[in-house]
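Working notes for the structure below.
Note that these values count all heavy atoms, side chains included, but never hydrogens, waters or copies made by symmetry. A note on names: the letters A, B, ... follow the listed sequences, proteins ahead of strands, and every chain is numbered from 1.
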Amino acid sequence: MAKIPLVAVVDDDEAIRDALCELLMVAGLACATFDGAPAFLTNGVAGHYDGLITDIRMPGMSGIELLDRLRVTAPELPTLVLTSVTDERDRLRALELGARAWLTKPVADDVLLDHLKAALGDGDFLWPEDDAG
Amino acid sequence: MSSRASGETAAPVPAPRELDIADLASESVIIFDTAGVIQYWNPASEALYGWPALAMVGRGIGHLSSRTADEDEHWRLLVQEGVWQGLVSRRTPSGAMVAADVRQYVRFNNDGTPRDVVEYGQRSSSDAAGDGADWHIPDRKMAASWEIDIGGALQKIGEIAAFRRTGAAADRALLNTLGLELVQATRIIDVNDRVMRLVGGNRGRELLVGQSVASFWPIESRTALADLIVDAVTGGTPDVTYRRQMPSDGILRDPLVTVWLPGDGGPPNRVLVAVNGTADDDRSFLYLRASEARYRKLVQFMPMALWQVDASHMGKIYAELRGQGVTDFGAYLDEHPDLIELAANTVPVTDVNRAAVEMFGAAGALDLMRPVGYLFTEMPEALRNVMIGRFNGQQNHAEPIKVRTLDGRVLDVQFSITYPKPPAELDVTVFSMVDVTERLSIAAELRQLQADFAHAARISTLGELASSIAHEVNQPLAAIVTNAETSLRWLSRGEPNVEKAKELTARIAASGRRANEIVQRIRGMAAKRSPERVALDLNEVVRESLGFVRHEVESRGIRVTADLGRDLPPAKGDRVQLQQVIVNLLVNAVQALEAASEADREILIGTGLGSDGALNVMLRDTGPGIPPDDLDRIFDGFFTTKEEGVGIGLAICQSIIAEHGGAIAASNPAAGGAAFRFSLPVSE
């Protein structure tokens with residue numbers, strides 16, 4: 001049975017979190033936001049989510065460290081990195097840890113949704129009509 | 001004694017042509033210097049007195065007189081009066097006395113000091129060279145004459161005349177006051193040479209014309225002069241004279257003052273005044289005159305610019321206000337600014353010296369002898385302070401001010417004022433000014449240099465924070481882009497969701513404002529500007545500084561604890577420069593913490609009020625601390641341990657704090673890490 005995908009957004013910046021969530025919602029997806037990696041790890045059981053979008057530089061725990069943890073606890077969770085960081089070592093490390101894409105802010109809506117669609121593509125998801133077509 | 005040659009080397013040698021002419025004169029012509037030493041002795045003098053020029057040039061003439069003792073006194077009178085005419089008796093080489101009628105004239109330099117004395121002489125027609133005929137002074141016939149404009153005094157004249165009619169004249173004190181005010185209100189139209197010599201310091205008629213008679217008339221006889229003016233005006237008939245013998249006044253002995261209306265059919269409201277009398281030869285008075293002459297000369301050539309000001313009428317206003325119970329004159333002036341205006345427009349400058357003329361680029365003293373307002377065009381509040389000082393009975397007052405010269409330059413001057421000491425017979429206030437423009441401009445250049453360095457250091461710090469800044473600005477921009485695109489998606493639907501679009505547009509605006517705030521903050525840091533001194537909330541400055549490095553701190557997992565004191569008094573300083581100091585210390589701490597393990601990275605920042613009354617900012621990190629060898633020199637310019645650093649950060653921090661009147665110190669606390677502490681004065 002097809003279902004609406006639920007995507008987690010982890011970013012310490014509230015404005016960005018909310019903006020991403022709104023974009024996912026207008027695209028017909030469901031969304032949950034977390035202000036940092038620790039909040040995601042404690043409140044969100046990894047298995048609940050069909051996808052994850054995370055920032056890299058965050059207080060408390062960095063996105064790299066989060067990817068490192070998820071590699072053990074939720075290796076199947078498709079994850080996108082969305083960050084302002086342009087550090088090449090971080091990018092390679094993230095991809096090495098299984099990130100499906102490394103996107104830099106600000107990201108175009110099409111680019112983000114296309115990558116998300118590609119990442120979630122394997123599952124049996126219900127994607128709404130793209131009215132903007 | 002001296003030879004002719006040495007006589008000629010003395011300063012006041014007449015021009016050769018003058019000598020040639022006098023050589024041919026049949027009258028005796030002798031030129032003395034101001035000390036009475038003969039500079040020139042023409043052939044006719046030799047013929048009259050029998051002594052050749054060779055014997056006379058270079059020495060005085062007193063030894064030819066039978067009454068040598070009187071010579072000194074005569075000379076003083078002559079220099080004082082400027083002219084003397086009379087009969088002298090002088091000894092010829094044969095021992096016989098020769099009587100001569102002589103006329104002596106003092107010639108003056110432009111600044112009023114005597115230059116030399118010319119004597120013309122011829123054998124007396126009577127040749128009555130008897131005792132006592134010496135030193136007869138006929139000068140009493142030559143009156144000191146004044147032409148006076150009484151237009152401004154008509155009201156006072158009317159008041160006094162009314163008092164006389166009603167018999168209220170018995171109130172002497174009131175009459176006296178009215179009389180003084182009457183004379184004060186008169187203006188000099190013209191005077192003759194004798195007036196100039198007696199009261200004008202021989203500096204020219206222009207000095208007196210247009211001024212109040214009171215500025216030059218002895219105070220003891222001003223009321224009597226006022227009486228005579230009232231007599232003449234109420235009498236109303238031209239050429240009818242009113243006269244009175246006055247007490248000796250220190251200028252003339254037993255002067256006889258005559259007042260009358262001119263019958264020349266000229267403009268109205270004029271009276272003529274003639275004063276006859278011998279120049280007072282009281283020795284103590286002469287001594288005073290000599291000391292006054294010295295004083296005048298001293299004042300005239302003093303390198304400090306001086307103004308003599310007559311604020312007597314303001315003094316009376318102040319006395320009245322005090323009588324009405326005014327004590328806080330500053331508050332009173334705030335309510336009555338017209339009083340400052342009155343002072344600016346009516347308090348006259350009565351004299352200035354040469355330095356003042358030069359400082360103000362004036363053509364002459366007269367340009368500066370007008371109401372004092374022109375001194376305060378740049379800083380009207382300075383005049384207010386001057387008035388408050390007088391009201392409060394201060395002896396003097398000083399402050400740095402700016403003045404605009406007559407040729408349009410603006411100067412920084414140290415302005416001082418000496419008030420008349422009550423009860424002063426003469427109400428004379430003296431202003432002095434010393435040009436400190438150059439001194440201030442050097443100080444300003446140093447400040448500018450310091451500001452330039454501080455600016456360079458800020459740019460350098462901003463460079464170090466560039467990636468942080470880019471990240472921080474990028475956050476709201478990213479939110480704006482996503483919200484805008486989402487909004488377009490809602491609006492592009494078959495049934496546009498306007499509510500959602502509105503909501504997202506509001507968020508776009510909020511993020512835009514946030515981006516703008518960040519840009520403003522950075523612009524403030526990057527801008528080249530003059531430091532200011534304003535009251536600042538120190539805790540706010542600390543919070544703003546933390547904003548600059550927030551990303552640096554967070555991305556490195558550094559814990560920051562701010563322990564900000566409550567109810568701190570405001571600090572006095574420049575917001576951007578203090579931010580610069582704190583950001584600099586924070587960046588140093590962040591860099592020092594690279595060496596520490598992530599769990600141990602901590603920065604403590606605190607503010608408080610010290611027991612010494614100064615505000616303190618303390619910043620501590622848990623890094624490796626400062627190498628002990630470097631502790632003494634980390635504030636030195638160009639000291640750095642960073643490969644890419646230029647080492648002006650801490651040096652600038654120190655100079656900024658020093659400029660603020662505080663101090664900065666570094667230490668390695670026992671608990672570990674490095675600590676910086678600086679103090680700042682509290683804003684008054």
Side-chain angles (χ1 to χ4, degrees), chain A residues 7 9 11-29 31 33 35-38 53 55-66 80-90 103-114 116 128-133, chain B residues 466-515 517-518 546 549-560 598-599 601-603:
Chain A
V7 177
V9 172
D11 199 309
D12 60 321
D13 189 304
E14 186 185 6
I16 294 208
R17 267 196 322 262
D18 291 349
L20 286 174
C21 209
E22 291 288 340
L23 176 63
L24 297 178
M25 275 157 44
V26 76
L29 304 171
C31 166
T33 58
D35 64 2
I53 301 173
D55 191 12
I56 290 296
R57 276 200 187 171
M58 291 179 289
M61 187 189 296
S62 75
I64 298 291
E65 200 180 336
L66 175 62
L80 304 183
V81 170
L82 180 59
T83 178
S84 297
V85 176
T86 50
D87 187 300
E88 184 62 11
R89 279 172 308 179
D90 280 349
L103 306 171
T104 53
K105 295 173 187 170
V107 68
D109 53 352
D110 291 345
V111 173
L112 179 70
L113 290 174
D114 286 351
L116 195 57
E129 293 293 321
D130 190 358
D131 292 329
Chain B
S467 68
S468 275
I469 291 164
H471 184 269
E472 208 184 344
V473 180
N474 204 38
Q475 294 292 94
L477 290 183
I480 287 169
V481 169
T482 301
N483 279 326
E485 287 174 344
T486 305
S487 198
L488 284 174
R489 283 173 179 265
W490 284 118
L491 292 172
S492 309
R493 294 200 154 193
E495 209 166 299
N497 189 335
V498 176
E499 280 312 306
K500 265 292 180 194
K502 271 188 188 169
E503 189 190 327
L504 294 175
T505 306
R507 291 192 197 178
I508 288 171
S511 289
R513 279 192 292 275
R514 186 176 138 206
E517 276 167 26
I518 297 162
L546 285 170
V549 296
R550 190 177 61 207
H551 187 75
E552 297 289 314
V553 162
E554 288 176 351
S555 66
R556 287 171 170 79
I558 299 169
R559 282 188 309 284
V560 174
E598 204 146 322
R601 292 177 180 176
E602 194 172 351
I603 293 174

When A:Leu112, A:Asp109, A:Val26 are each screened for side chain to side chain contact (heavy atoms under 4.5 Å, CB included) with B:Glu485, the one that passes is A:Asp109
Return the option, out of A:Asp11, A:Leu82, A:Leu23, with the maximum number of heavy-atom pairs under 4.5 Å with chain B.
A:Leu23
Tell me, for B:Arg514 versus chain A, whether the close heavy atoms (under 4.5 Å) come from the side chain, the backbone, both or neither.
side chain
Closest heavy-atom pair, B:Leu477 versus A:Pro106, reported as atoms and distance to 0.1 Å, is O-CB, 4.4 Å
How long is the gap from OG on B:Ser511 to CG on A:Asp13, to the nearest 0.5 Å?
7.5 Å
If you round to the nearest 0.5 Å, how far is CD of B:Gln475 from CD of A:Glu14?
12.5 Å
Under the salt bridge (charged side-chain N to carboxylate O under 4.0 Å, His left out) test, residues paired with A:Asp35 that sit two or more places apart
none
Which atoms form the tightest heavy-atom contact between B:Ala479 and A:Ala19, and what is the distance?
O-CB, 3.9 Å
Of all of B:Arg507, B:His471, B:Arg559, which one pairs up most often with chain A through heavy atoms under 4.5 Å apart?
B:Arg507
Distance col, row B:Glu503:CD vs A:Glu22:CD, nearest 0.5 angstrom, shows 5.5 Å
Specify the closest pair of heavy atoms between A:Val107 and B:Thr482, including all atoms of both residues, with the distance to one decimal.
O-OG1, 4.3 Å
Part of A:Asp12 within contact of chain B (heavy atom distance under 4.5 Å)
side chain
With a 6.0 Å cut-off (strictly less than), is the heavy-atom count around CD of B:Glu495, excluding the residue itself, greater than 12?
no
Could you tell me which portion of B:Leu504 (side chain, backbone, both or neither) has an atom closer than 4.5 angstrom to a non-hydrogen atom of chain A?
side chain
Who passes side chain to side chain contact (heavy atoms under 4.5 Å, CB included) against A:Ser62, sequence neighbours left out?
A:Ile64, A:Glu65
Please classify the contact of A:Asp110 with chain B as side chain, backbone, both or neither, using a heavy-atom distance under 4.5 Å.
both
